J.: 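Quick one: the structure is below, and I'll ask about it shortly.
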There are 2 protein chains.
Amino acid sequence: MTEKDDFTLQDFLPYLLNRAAEESSLEFQQHYKNRYGMLRNEWRVLFHLGNYGRMTATEIGQRAKIHKTKISRAVAKLAERRFVVRNRDEQDRRAEHLELTPQGEAAYRDLREQAAIYDCQLASRLSEGESEALRHMLRKLAGIDQ
Amino acid sequence: MTEKDDFTLQDFLPYLLNRAAEESSLEFQQHYKNRYGMLRNEWRVLFHLGNYGRMTATEIGQRAKIHKTKISRAVAKLAERRFVVRNRDEQDRRAEHLELTPQGEAAYRDLREQAAIYDCQLASRLSEGESEALRHMLRKLAGIDQ
DNA sequence: CGGTAATAGTTGATTTTGTAACTAACAAGG
DNA sequence: CCTTGTTAGTTACAAAATCAACTATTACCG
């Protein structure tokens, strides 16, 4: 009874998760936004391609849990700006394989570097060892198998 | 050197935070969306008013870090549906104090109950004691003073 | 006072997202 | 083959977020 009655907003996990996610997203977006004029979904697609290599839009969607319309638009923008090239699969002509151009690779490496730095900054707000525990918990909550 | 070279997307805190936040938001929105036809910002404003009591739009914005245009539109909807009443401050006639109607109170109590239940469900995906550590870390990352 | 700046909140224009419907290509069963 | 169903990706339209400009009121300061 008391357990539910003293439940407050400040303790609500989805609220805290959203606040922390929004805070960090907003801080980090300056890198891909200011330096490359990218939107969040474009950055995510770029990062996935850089991280996992050549794959199709559907595969990105499954891994990143991004809806296919978002990916379609992000890929269109990235292709237009020559960060990504599309290659139609000759076996299955519906699908197309995406991969980074050298220019896309360069942007990816630069942004990954920034991401690593920012990640360290964030982790430094936590105590020793906490950040690994946090990543582990977030993966569980996000339903990422690992 | 190796530290930055083996940095991957799956470990990037903003990415994990966003995935976990999105997952939990989507799951929880069914409650305020299906039962009360509310949007996320409306739910947030309602929850803030229920939790902290009478306050102005600006105060909600500062606490919740929601932009004033979002609050303005959320309050308009909540007032229209008689969940909230607006009272102009007679000392400072620019400001208006917002508070829940009895109907708003009822919705708040119902949703807070659902939130408490959902929060337990989420926490149950973690090990004993982890969830309190998680809340603590998220507050630090979100910049919530406490 | 009178003018300029600041604040509370709203509105409108533009951009981005979400949802559904769509095209094109393949697959499987008769 | 041909119908039906499924999958990859795009497009169209509605909903929502963002950003700037706006009104109304108060505060500051010469």
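Chain A is the first sequence line, chain B the second, and so forth, proteins listed ahead of strands; every chain is numbered from 1. Predicted model only: the values in this text are computed from it and were never measured.
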J.: Hey, what are the protein-to-nucleotides 7-11 of chain D N/O distances that come in under 3.5 Å?
T.:
unit_1	atom_1	unit_2	atom_2	d
D:dT7	O2	A:Arg94	NH1	2.7
D:dG9	OP1	A:Glu96	N	3.0
D:dG9	OP1	A:Glu96	O	3.3
D:dG9	OP2	A:Thr58	N	2.8
D:dG9	OP2	A:Thr58	OG1	2.4
D:dG9	N7	A:Lys68	NZ	3.2
D:dG9	O6	A:Lys68	NZ	2.9
D:dT10	OP1	A:Arg86	NH2	2.3
D:dT10	OP2	A:Ser72	OG	2.7
D:dT10	O5'	A:Ser72	OG	3.4

J.: Salt bridge (Lys or Arg N to Asp or Glu O under 4.0 Å) between B:Glu105 and B:Arg109: does it pass, once the steps are laid out?
T.: CA-CA 6 Å; B:Glu105 269 291 338; B:Arg109 277 195 301 272; 3.2 Å; yes

J.: Please report the distance, rounded to the nearest Å, between CD1 in A:Ile66 and C1' in C:dT17.
T.: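 The distance from CD1 of A:Ile66 to C1' of C:dT17 comes to 13 Å, rounded to the nearest Å.
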
J.: Are A:Phe12 and A:Phe7 an aromatic pair by the rule of ring centers under 6.0 Å?
T.: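 When the ring centroids of A:Phe12 and A:Phe7 are compared, they turn out to be within the sub-6.0 Å range.
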
J.: To the nearest Å, how far apart are B:Gln29 CD and C:dT17 C1'?
T.: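 The distance from CD of B:Gln29 to C1' of C:dT17 comes to 13 Å, rounded to the nearest Å.
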
J.: In whole angstrom, give the distance that lies between atom CG of A:Leu39 and atom P of D:dC19.
T.: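 A:Leu39 atom CG is separated from D:dC19 atom P by 11 Å.
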
J.: For B:Gln91, report the nucleic acid contact type (base, sugar-phosphate, nothing); a contact means any heavy atom under 4.0 Å.
T.: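 Counting heavy atoms under 4.0 Å across all strands, the contact made by B:Gln91 is with sugar-phosphate only.
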
J.: How long is the line joining CG of B:Asp89 and C1' of C:dT7, in whole Å?
T.: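 After rounding, the gap between these two atoms is 13 Å.
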
J.: What do the steps show when you test B:Leu138 against A:Arg19 for side-chain contact (heavy atoms from CB on, under 4.5 Å), and what is the final call?
T.: CA-CA 8 Å; B:Leu138 292 175; A:Arg19 290 283 307 262; over 6 Å; no

J.: Hey, are the side chains of B:Asp11 and A:Arg139 touching, using non-hydrogen atoms and a 4.5 Å cut-off?
T.: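 Side chain of B:Asp11 against side chain of A:Arg139, heavy atoms only: contact under 4.5 Å found.
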
J.: Got a donor-acceptor contact below 3.5 angstrom from the A:Arg44 side chain to the A:Ala74 backbone?
T.: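 Pair absent, no side-chain N/O of A:Arg44 close to backbone of A:Ala74.
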
J.: Could you tell me the separation between the OG atom of B:Ser25 and the CD atom of B:Gln30, rounded to the nearest 0.5 Å?
T.: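 B:Ser25 atom OG to B:Gln30 atom CD measures 12.5 Å (nearest 0.5 Å).
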
J.: When you check the phosphate oxygens OP1 and OP2 of D:dA16, does a side-chain N or O of B:Asn41 lie under 4.0 Å from one of them?
T.: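 So the side-chain polar atoms of B:Asn41 never come under 4.0 Å of the phosphate oxygens OP1 or OP2 of D:dA16.
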
J.: Report the distance from atom CD of A:Glu90 to atom C1' of C:dA25, rounded to the nearest whole Å.
T.: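 Value for this atom pair: 12 Å.
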
J.: Can you pull out how bent the helix from C:dC1-D:dG30 to C:dG30-D:dC1 is, comparing the axes over its first five and last five pairs, to 10°?
T.: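 Inter-axis angle at the termini of the helix from C:dC1-D:dG30 to C:dG30-D:dC1: 10°.
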
J.: Please report the distance, rounded to the nearest Å, between CD in A:Glu42 and P in C:dT17.
T.: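 Rounded to the whole Å, the gap is 9 Å.
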
J.: Counting neighbours of CZ on A:Arg82 that are heavy atoms of other residues, nucleotides or ligands and sit closer than 6.0 Å, is the number greater than 12?
T.: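 Open: at most 12 neighbouring heavy atoms sit under 6.0 Å from CZ of A:Arg82.
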
J.: Check for a donor-acceptor pair, side chain of A:Ser72 on one end and backbone N or O of A:Lys68 on the other, with a separation under 3.5 Å.
T.: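 Between the backbone of A:Lys68 and the side chain of A:Ser72 there is no qualifying donor-acceptor contact (under 3.5 Å).
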
J.: Measure the distance from CZ on B:Arg93 to P on C:dG9 and round it to the nearest whole Å.
T.: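 Going from CZ in B:Arg93 over to P in C:dG9 covers 13 Å.
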
J.: For the OG atom of A:Ser131 and the CZ atom of A:Arg125, what is their distance to the nearest 0.5 Å?
T.: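 Going from the OG atom of A:Ser131 to the CZ atom of A:Arg125 covers 13.0 Å.
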
J.: Starting at NZ of B:Lys77 and ending at C1' of C:dT10, how long is that distance when rounded to a whole Å?
T.: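 The distance from NZ of B:Lys77 to C1' of C:dT10 comes to 15 Å, rounded to the nearest Å.
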
